[in-house]
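Here the structure is laid out as structure tokens; the discussion comes afterwards.
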Amino acid sequence: MPLMKIDLIKGRTKEEIKQILDISYEVMLSTFDAPEGDRYQIVNQHEDYEMQILDTGLGVERTNEVIVFTIITRPRTEKQKLSFYSEVVNELHDKVGIRKEDIMFSLVENTDENWSFFNGEAQFLNGSL
């Protein structure tokens, strides 16, 4: 059940945001082996001064096209994570024209008891999912 939070600077078109959402969802389905309909994505748009995404000393220059993905998910293998990162970056670059250097990920792992989808119940634990 990945929950994707996508932070970006204001100014993108609705169509571009839809492409970002669709691409990241499709790649998540294939690389994480998630079921169809397992789609939880939230876009937060910020003023340019509200996002300071530097390079941690790696020599990467960011632009105002920077996107930060925070993905909250069950544990994934290293192979799944690396495939997800690579495929999202390549697809966004090829289909939307976003620079690869402007895409950042942070994956946060949690377990089944950390999810409640409604009614204050833990659907993974009570057998609903």
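Residue numbers count from 1 along this sequence.
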Is [Y] reachable from [X] through a run of hydrophobic residues whose side-chain heavy atoms are each under 4.5 Å from the next?
X      : Y      : result
Tyr25  : Phe105 : yes
Val89  : Leu82  : yes
Val68  : Leu3   : no
Leu107 : Met104 : no
Phe32  : Val108 : no

Mind checking whether [X] and [Y] have side chains closer than 4.5 Å, heavy atoms only?
X      : Y      : value
Pro2   : Asp38  : yes
Asp7   : His46  : yes
Tyr85  : Ile71  : no
Ile67  : Arg12  : yes
Arg39  : Leu21  : yes
Phe124 : Arg74  : yes
Leu92  : Lys100 : no
Gln45  : Leu8   : yes

So, for Phe69 and Ser24, which heavy atoms are closest and what is the spacing to 0.1 Å?
CE2-CB, 3.7 Å
Nearest heavy-atom neighbours spanning Ala34 and Met28:
CB-SD, 3.5 Å
Is there a donor-acceptor contact under 3.5 Å from the side chain of [X] to the main chain of [Y]?
X     : Y      : value
Glu91 : Ile23  : no
Ser83 : Lys79  : yes
Thr73 : Glu109 : no
Arg62 : Asp102 : no
Thr63 : Glu65  : yes
His93 : Ile98  : yes
Glu16 : Gly11  : no

Report the distance from atom [atom1] of [X] to atom [atom2] of [Y], rounding to the nearest 0.5 Å.
X      : Y      : atom1 : atom2 : result
Met4   : Ile42  : CE    : CD1   : 11.5 Å
Glu101 : Leu58  : CD    : CG    : 12.0 Å
Gln19  : Lys14  : CD    : NZ    : 15.0 Å
Trp115 : Leu125 : CH2   : CG    : 13.0 Å
Ile9   : Glu50  : CD1   : CD    : 9.5 Å
Asn114 : Thr111 : CG    : OG1   : 4.0 Å

Ignoring hydrogens and angles, state whether a donor on the side chain of Glu87 or Thr31 is under 3.5 Å from an acceptor on the partner side chain.
no
Take atom [atom1] in [X]; do more than 12 heavy atoms of anything else shown fall under 6.0 Å from it?
X      : atom1 : answer
Glu113 : CD    : yes
Lys81  : NZ    : yes
Glu47  : CD    : yes
Lys18  : NZ    : no

Can you say whether the rings of Phe117 and Tyr40 are parallel (under 30°), tilted (30 to 60°) or perpendicular (over 60°)?
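If you compare the ring of Phe117 with that of Tyr40, the planes turn out tilted.
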